[in-house]
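Data block below; observations after.
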Amino acid sequence: MIIYTFFALYLKMKLRSIHIFFIFTLITLIIYSKSVNYDFLNYDDMRFIIGNEWLFLEKQDVKELLTEQKEGHYHPLTWLSLGIQKKTFGLNAGAFQIVNFCLFGLISILVFITSIKLFKRKSIALISTLIFIIHPIHVESIVWKSAHSTLVYSLFFFLSINSYLNYVAQGKTKSLIFTFIFFVLSCMSKSAAIVLPVVLIAIDYFKNNVTLKGVITKVPMLVVSLIFGLLAIKSSREFGSYNIDKQVYDILDRFFIINRAVFYYIEKSFVPFNLSAIHFNPKLTNGYLPTFFYVTPLLNILTIGCSYFIFKRFNRLKDLWFIILFFIINIGMVSQIIPIGDTIAADRFGFIAILSNFWLIAICVDRIELNASLKGKIVTRTSLFFLIAIFLFQTNNRINIWANGEKLFADIAEKYPNHYYGHFALAVVLQAENRGTEALVHFKIADEINPTDAKVKNGLGVTYVMLGNNDLAKDYYSQAILLDKDYVDAYINRSYVYKDEEEYELAAKDLSTAYGLGTKRHLVLINRAEVRYKLKNYHGSIMDCKELISIHNDNHKAWFQAAVIYERLEQYDSSYFYIDRAIHLQPQKIDYLNFKGLLCNKEEKFDEAITLFSKVIQLDSTHIAFMNRGLSKKNLFLYEDAANDFTHCINLSPVFAQAYFERGFCYNQLGKYEQAILDLNFFLGKDYRNEKALNLRAESKWAIGDEAAACSDWSKARNQERIKAHCLSYQ
């Protein structure tokens, strides 16, 4: 569909233009195609997509999406889109990527149509759209699944602009209504869309359409912008990302920071090198910003000045003023005028604004093509192709960097070696891959750069647990808690160490503190239930399980833990009820099937136990599974079948002594006394005083006529009654 639409748009162009466009589009698709194989990243994907328990699109979830901020954002339409994808594709990262490709394709078509309607030149539209498609600054918005909001809002943003351009050209009310609808949808996708009414005013200026009626039509949209703007600030404040940078900048510092943020998007439009997923706010040294920040206002003025002289020569100054307005309006929301977060710029923030710079390039090329000599045209075309080649090269590099978390965060750490975050995030990725020694190196660098960050201390604690040093782990968890007394993760993680060291009272104390903080209740409750069970506080453990079930009815761990407790209390009916629910939620969970099998054995429901253990064996043929099924069969006097299961158990674990005893018993019952003696010899080699085994071996020896050896075993077992009964005639 996308290819067909492009083809229809370009039919009237020169053949070479069509070829150029499709060649570069194809090259871009080929470059991006490898990202279909990229997995989710431990960079917001875990919070926004994988770990979002409320993205199930039940009735209450949709209501929640429409009325509450999530993860510091109020963009319900984006959450809805991600929820539909999650419900449709599960956690298939490639499917999410394909959706992003499709959105980008639609946006590119709209960029082309918008450019034609604005500048009335297909060549300008062709060049600007081509650069828009291949530019490396867009890689983040396309390849990163969590940047989905940028694509969704941009789609409705350009749909709204196109509807408004139709309204300006034709005066139809229907077009104005669609303009408003698409605008609201864009705001519901990302708060950056609130600048759209001002963009439409700039279009009115460009189209000589500034009228009182036109201004009045913008009033409802400006009201919507105000509402969504306040919601964005409120969401950021509630989440804690509003003005979170710990450095204090005065008004003059803020002026230079804003200028640097603006110049970033100008600079990267033409020289897209040194791109990074994050560009951090500058550090003050003796109260001063880095030198380059003080130069950026002059660079911005110089850029405008050069553009002025060029466009004046082209007699296209009005184009220039519109382009500058379009850029400033769209970049204003993300240029640190309102300090949100601790980053000065991000590639995705310039997704729409940077189109202004592509229009500048396209208009310059178009004007030169119209007026220059053949030699001038050759130089222009060569320069354009050279620029496109650079963009393609850099796009390929950026796509490679977004392949996985290790590459991405290593790139950030390389670009910002004196900022802790790149090292910290890289350490977290390495830690998740069980590369503890490598993770420790980067955690220590992060801790050295920023020794007051509780998350870094917590990361060090987790790493030392991986490396087997619990004492240092507890020390770092304690440091994290001192830095942030409300840091739930540190309490939970320290409780794990206490639990491993059987310091259950201390573990319970940490978990109760974490419970009082009110977050991660599901994690706190299940762990506290286990700890209270160890402390024989069965009532408290049951209460934790039931509370967790009331919060998350599908938490199978809570159902299982409750079953274990009721079994310990010998309330078997309740234990059956809870374990059945756990198995219903996780029908292939071996621990649950095995537990119910043991419960059935205890209740002498041996047939049911055999069925359960058989399922366990189908899922995982462990020696314990065969052992348990063998015991059930033995209790039903199925000695031959039981012996076979014990044989399987021994084959899988030749040193498992209990299996030899049980098989020896079965052989004894089957009259295979010599085989029984061999098995019992092995068992008694591990436990030579075991009276049951001695008595059993004595019976087998007596049966084969070795009365002296039998009496010897009975004597070792101190079984005088057996000696009298069986050995009287021998004596």
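The structure presented is a predicted model; accordingly, all values stated were derived computationally and were not measured.
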For [X], does the [atom1] atom have more than 12 heavy-atom neighbours from other residues, nucleotides or ligands under 6.0 Å away?
X: Gln588; atom1: CD; answer: no
X: Lys34; atom1: NZ; answer: yes
X: Phe273; atom1: CZ; answer: yes
X: Phe178; atom1: CZ; answer: no
X: Lys318; atom1: NZ; answer: yes

Under 3.5 Å, side chain of [X] to main-chain N/O of [Y], donor-acceptor pair present?
X: Asn162; Y: Phe158; result: yes
X: Lys268; Y: Pro136; result: no
X: Gln431; Y: Gly459; result: yes
X: Asp319; Y: Phe119; result: no
X: Tyr265; Y: Ala346; result: yes
X: Ser33; Y: Ile30; result: yes
X: Ser356; Y: Ala353; result: yes
X: Arg398; Y: Leu275; result: yes
X: Ser186; Y: Phe182; result: no
X: Ser307; Y: Thr303; result: yes

Quick one: sort the [X] and [Y] rings into parallel, tilted or perpendicular, breaks at 30° and 60°.
X: Phe314; Y: Phe311; answer: perpendicular
X: Tyr421; Y: Phe409; answer: perpendicular
X: Trp402; Y: Tyr43; answer: tilted

What about the rings of Phe132 and Phe351, do their centers lie closer together than 6.0 Å?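 Centroid separation for Phe132 and Phe351: below 6.0 Å.
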
Answer with yes or no after comparing the ring centroid distance for Phe326 and Trp359 against a 6.0 Å cut-off, counting only values under it. yes

For the atom pair CD1 (Ile401) and CD (Gln394), what is the distance rounded to the nearest 0.5 Å? 8.0 Å

Nearest 0.5 Å please: distance from the CD1 atom of Ile181 over to the CG atom of Leu176. 10.0 Å

Write down the atom of [X], the atom of [Y], and the distance for their closest heavy-atom approach.
X: Ala147; Y: Arg348; answer: CB-CD, 4.3 Å
X: Val195; Y: Ala192; answer: CG2-O, 3.5 Å
X: Tyr153; Y: Ala193; answer: CD1-CB, 3.6 Å
X: Phe156; Y: Leu185; answer: CE2-CD1, 3.6 Å
X: Ile449; Y: Pro417; answer: CD1-O, 3.5 Å
X: Ile412; Y: Ser276; answer: CG1-OG, 3.9 Å

Would you check, one step at a time, whether the test side chain to side chain contact (heavy atoms under 4.5 Å, CB included) holds for Val199 with Asn330? CA-CA 8 Å; Val199 171; Asn330 280 287; 3.7 Å; yes

Is there a side chain to side chain contact (heavy atoms under 4.5 Å, CB included) between Val111 and Thr114? Walk through the geometry before answering. CA-CA 5 Å; Val111 166; Thr114 302; 5.7 Å; no

Taking only distance into account, with no hydrogens and no angle test, what donor-acceptor pairs under 3.5 Å do side-chain atoms of residues 93-103 form with protein atoms, sequence neighbours excluded?
{"unit_1": "Gln97", "atom_1": "OE1", "unit_2": "Lys145", "atom_2": "NZ", "d": "3.2"}
{"unit_1": "Gln97", "atom_1": "NE2", "unit_2": "Ile142", "atom_2": "O", "d": "2.6"}
{"unit_1": "Asn100", "atom_1": "OD1", "unit_2": "His148", "atom_2": "ND1", "d": "2.9"}
{"unit_1": "Asn100", "atom_1": "ND2", "unit_2": "Ile142", "atom_2": "O", "d": "3.1"}

With Tyr264, which residues qualify under side-chain hydrogen bond (donor to acceptor under 3.5 Å, both in side chains), at least two apart? His279, Asp347

Would you call Glu406 and Arg435 a salt bridge, taking side-chain N to carboxylate O under 4.0 Å as the test? yes

One thing to verify: whether Glu369 and Arg381 come together as a salt bridge, which I'm taking to mean a side-chain N less than 4.0 angstrom from a carboxylate O. yes

Assess, by modelled atom type and distance only, whether the side chains of Ser269 and Asn357 contain a donor and an acceptor separated by less than 3.5 Å. yes

Answer yes or no: is there a side-chain heavy-atom contact under 4.5 Å between Leu440 and Met466?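 Side-chain contact under 4.5 Å: no.
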
Is there side-chain contact between Leu151 and Leu155, with heavy atoms separated by less than 4.5 Å?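 Contact flag for Leu151/Leu155 side chains = no.
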
Stepwise salt bridge (Lys or Arg N to Asp or Glu O under 4.0 Å) test for Asp411 and Lys407: CA-CA 6 Å; Asp411 181 68; Lys407 289 183 179 180; over 6 Å; no

Show your reasoning for whether side chain to side chain contact (heavy atoms under 4.5 Å, CB included) applies to Leu299 and Phe292. CA-CA 10 Å; Leu299 292 174; Phe292 185 69; 3.7 Å; yes

Side chain to side chain contact (heavy atoms under 4.5 Å, CB included), that's the test. Do Leu110 and Phe157 meet it? Break it down for me. CA-CA 10 Å; Leu110 291 169; Phe157 194 94; over 6 Å; no

